*Asks:* 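Before I ask anything, here is the structure I am working with.
In what follows, every chain begins at residue 1, and chains take the letters A, B, ... in the order their sequences are listed. All figures in this text were calculated on a predicted structure; none of them were measured in a lab. Note: hydrogens, waters and symmetry copies are ignored here, and every other heavy atom, side chains too, is used.
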Amino acid sequence: MVVLSAARWVRSRLSDRFWRVQEVLKYARHFRGRKNRCYTLAVRSVRRAFVRSTKARREKKRFLRALWITRIEAASLEHGLKYPAFISNLVKSQVELNRKVLADLAIYEPKTFKSLAALAQRRRQEGFLAALGDGKEPEGIFSRVVHHHY
Amino acid sequence: MAAARARRAGASLLSAAIRHRSSQSSSPQPGLVAKTSLTSPPWPEVKLPDPVEEAKYHAAEVVRKVNGLISAGQYGRLFAVVHFASKQWKITSEDLIMMDNVLEAECGDRIRMEKVLLVGADDFTLIGRPLLGKDLVRVEATVIEKTESWPKVNVRFWRRHNFQRKKIIANPQTVLRINTIEIYPCLS
């Protein structure tokens, strides 16, 4: 006999339920408690974990910058300079090192960091003299701006 | 400028007080202004060395010594701070660097990094303002690997609003090996 439509009692049923569940549970295997085994609990935990990691990727940048600033502040205080004085005088001397590299130098290259601190200190004193004198006197050596012609 | 202005105001106030107290006393000599909290600046007085002498010392001693060290090759391992792919890296030779972008060079290509901010050895450091000259430093690197990062999962979820978006991101990455850092004795 000719059957033109599917019989009503045939439903489409899932055959790969196991693998769909494993896709979620594989991200929960290192969790604590029943949420590393039971699918309903794991779905909620895995979703929260993914959302938290997404937001943390944006906060990591802020956190690392604060860490570098703390380290640079500690290192410059060892050389007798405060962090705002150090950074502002380095920028005024046209040294464009960022905080990540300055923190690395403070940890692994102490002599170089000491020379940078001395440069910042000298530029600071020249700045004070320039503020006091304010006449056409010889300007400081380290305050001279280097002009590049590219 | 503000300190000078405060000094002048303090001196005039003081001379007005003296004038008020006794009309017969002579005016104070110009060198004898009383010392207030604003007569001298709050930072310690520092005498900087004479610029001409310092320039001579710098050219003669420092530059000559450093040039001598460089031409004699008496430095150990050099490190450099390089600006590459919009980031600053502190590198030495035989270093591996991984950056989160695509380079238009094939694997195995030799690359010269031109924006060098700082070069240092054990005894001396050359600080660029902001960059060092291309005839002074040479940093060479080779492209080793061009791959993708591990698949990062980006999920945005807003509870009780039936809002969930999931996106898997695999950034392209490049691995470079720093071959050499060379400096040439052309300081002035």
Side-chain angles (χ1 to χ4, degrees), chain A residues 27 44 46-55 57-58 85 90-105 107-109 111-116 118-119 121-135 137-148 150, chain B residues 1-5 7 40-55 57-58 79-83 86-92 114-115 117-134 152-159 164-169:
Chain A
Y27 290 112
R44 303 198 279 255
V46 162
R47 181 189 299 150
R48 281 171 77 75
F50 280 148
V51 166
R52 283 172 173 163
S53 75
T54 316
K55 292 188 187 160
R57 249 175 259 135
R58 307 177 53 193
L90 271 195
V91 165
K92 286 177 198 169
S93 322
Q94 287 182 291
V95 175
E96 307 274 340
L97 295 166
N98 66 0
R99 284 144 184 89
K100 169 177 115 178
V101 150
L102 282 173
D104 289 343
L105 290 180
I107 298 174
Y108 295 111
E109 315 282 343
K111 295 189 205 168
T112 307
F113 195 84
K114 182 170 181 179
S115 63
L116 286 170
L119 172 67
Q121 179 77 313
R122 171 63 186 262
R123 176 67 184 78
R124 189 169 188 235
Q125 280 151 10
E126 284 175 7
F128 290 154
L129 280 186
L132 273 187
D134 230 308
E137 279 155 30
E139 288 210 351
I141 301 184
F142 288 90
S143 324
R144 271 186 239 144
V145 173
V146 182
H147 295 285
H148 296 276
Y150 291 121
Chain B
M1 197 83 93
R5 234 185 289 128
R7 236 184 293 137
S40 64
W43 52 82
E45 174 90 31
V46 172
K47 181 113 185 35
L48 286 186
D50 186 30
V52 172
E53 274 183 23
E54 180 161 8
Y57 164 77
H58 175 75
F79 76 90
V81 171
V82 144
H83 185 285
S86 75
K87 286 177 275 286
Q88 295 183 6
W89 310 82
K90 176 192 164 298
I91 52 179
T92 39
E114 298 190 342
K115 296 186 198 164
L117 297 154
L118 205 166
V119 165
D122 198 26
D123 295 320
F124 59 88
T125 326
L126 304 171
I127 306 179
R129 300 173 73 179
L131 295 178
L132 291 172
K134 296 205 317 198
K152 301 185 188 173
V153 184
N154 233 3
V155 167
R156 293 185 297 150
F157 176 73
W158 201 1
R159 59 183 174 178
Q164 181 170 354
R165 306 280 183 265
K166 179 166 174 176
K167 185 172 178 183
I168 302 190
I169 300 183

*Asks:* How long is the span from the CD atom in B:Q164 to the CZ atom in A:F50, to the nearest 0.5 Å?
*Replies:*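 Rounded to the nearest 0.5 Å, the CD-CZ separation comes out at 10.0 Å.
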
*Asks:* More than 12 non-hydrogen atoms from neighbouring residues, nucleotides or ligands closer than 6.0 Å to OH on B:Y57, yes or no?
*Replies:*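 12 or below, so no.
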
*Asks:* For A:R52, which atoms come within 4.5 Å of any heavy atom of chain B: side chain, backbone, both, or neither?
*Replies:*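 Neither; nothing under 4.5 Å.
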
*Asks:* Answer with side chain, backbone, both or neither: which region of A:R144 has an atom nearer than 4.5 Å to a non-hydrogen atom of chain B?
*Replies:*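 It is the backbone, since no side chain atom gets that close.
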
*Asks:* At a heavy-atom distance under 4.5 Å, which candidate from B:L48, B:D123, B:V81 has the highest pair count against chain A?
*Replies:*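 Heavy-atom pairs under 4.5 Å are most numerous for B:L48.
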
*Asks:* What part of A:S53 is in contact with chain B, defined as an atom under 4.5 angstrom from a non-hydrogen atom: side chain, backbone, both or neither?
*Replies:*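 For A:S53, side-chain heavy atoms alone lie under 4.5 Å from chain B.
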
*Asks:* Report the distance from atom CZ of B:R129 to atom NE2 of A:H147, rounding to the nearest 0.5 Å.
*Replies:*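 These two atoms lie 10.5 Å from each other.
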
*Asks:* Can you tell me which of B:K90, B:K166, B:H58, B:K87 forms the most heavy-atom pairs within a distance under 4.5 Å of chain A?
*Replies:*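 Greatest number of close heavy-atom pairs with chain A: B:K90.
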
*Asks:* Crowded around B:K134 NZ? As in, over 12 foreign heavy atoms under 6.0 Å?
*Replies:*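 Not more than 12 within 6.0 Å, no.
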
*Asks:* Against chain B, work out which of A:K55, A:E109, A:K111, A:K100 has the most heavy-atom pairs shorter than 4.5 Å and name it.
*Replies:*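 Sorted descending by pairs with chain B, the first entry is A:E109.
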
*Asks:* Rounded at 0.5 Å granularity, tell me how far CG in A:L129 sits from CH2 in B:W43.
*Replies:*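 If I round to the nearest 0.5 Å, the distance is 9.0 Å.
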
*Asks:* Would you check, one step at a time, whether the test side chain to side chain contact (heavy atoms under 4.5 Å, CB included) holds for A:V101 with B:L117?
*Replies:* CA-CA 11 Å; A:V101 150; B:L117 297 154; over 6 Å; no

*Asks:* Salt bridge check, B:K115 against A:E96: does any charged N sit closer than 4.0 Å to a carboxylate O?
*Replies:*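 Salt bridge flag = no for B:K115 with A:E96.
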
*Asks:* Quick check against the 3.5 Å criterion: does A:T54 have a side-chain atom that pairs as donor or acceptor with the backbone of B:V155?
*Replies:*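 Judged by distance alone, yes, a pair lies under 3.5 Å.
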
*Asks:* So does A:R57 have more than 12 non-hydrogen atoms from other groups sitting under 6.0 Å from CZ?
*Replies:*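 Yes, CZ of A:R57 has more than 12 neighbouring heavy atoms, counting only those of other groups under 6.0 Å.
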
*Asks:* When you look at A:T112 and B:F79, which way does the side chain to side chain contact (heavy atoms under 4.5 Å, CB included) test go after all the steps?
*Replies:* CA-CA 11 Å; A:T112 307; B:F79 76 90; 3.6 Å; yes

*Asks:* Do the side chain of B:Q88 and the main chain of A:N98 share a donor and acceptor less than 3.5 angstrom apart?
*Replies:*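 Here the side-chain-to-backbone pair exists.
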
*Asks:* With a 4.5 angstrom heavy-atom cut-off, is it the side chain or the backbone of A:V146 that approaches chain B, or both, or neither?
*Replies:*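 Side chain only.
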
*Asks:* Side chain, backbone, both or neither: which part of A:V51 has a heavy atom under 4.5 Å from chain B?
*Replies:*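 When you check distances to chain B, atoms from both the backbone and side chain of A:V51 fall under 4.5 Å.
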
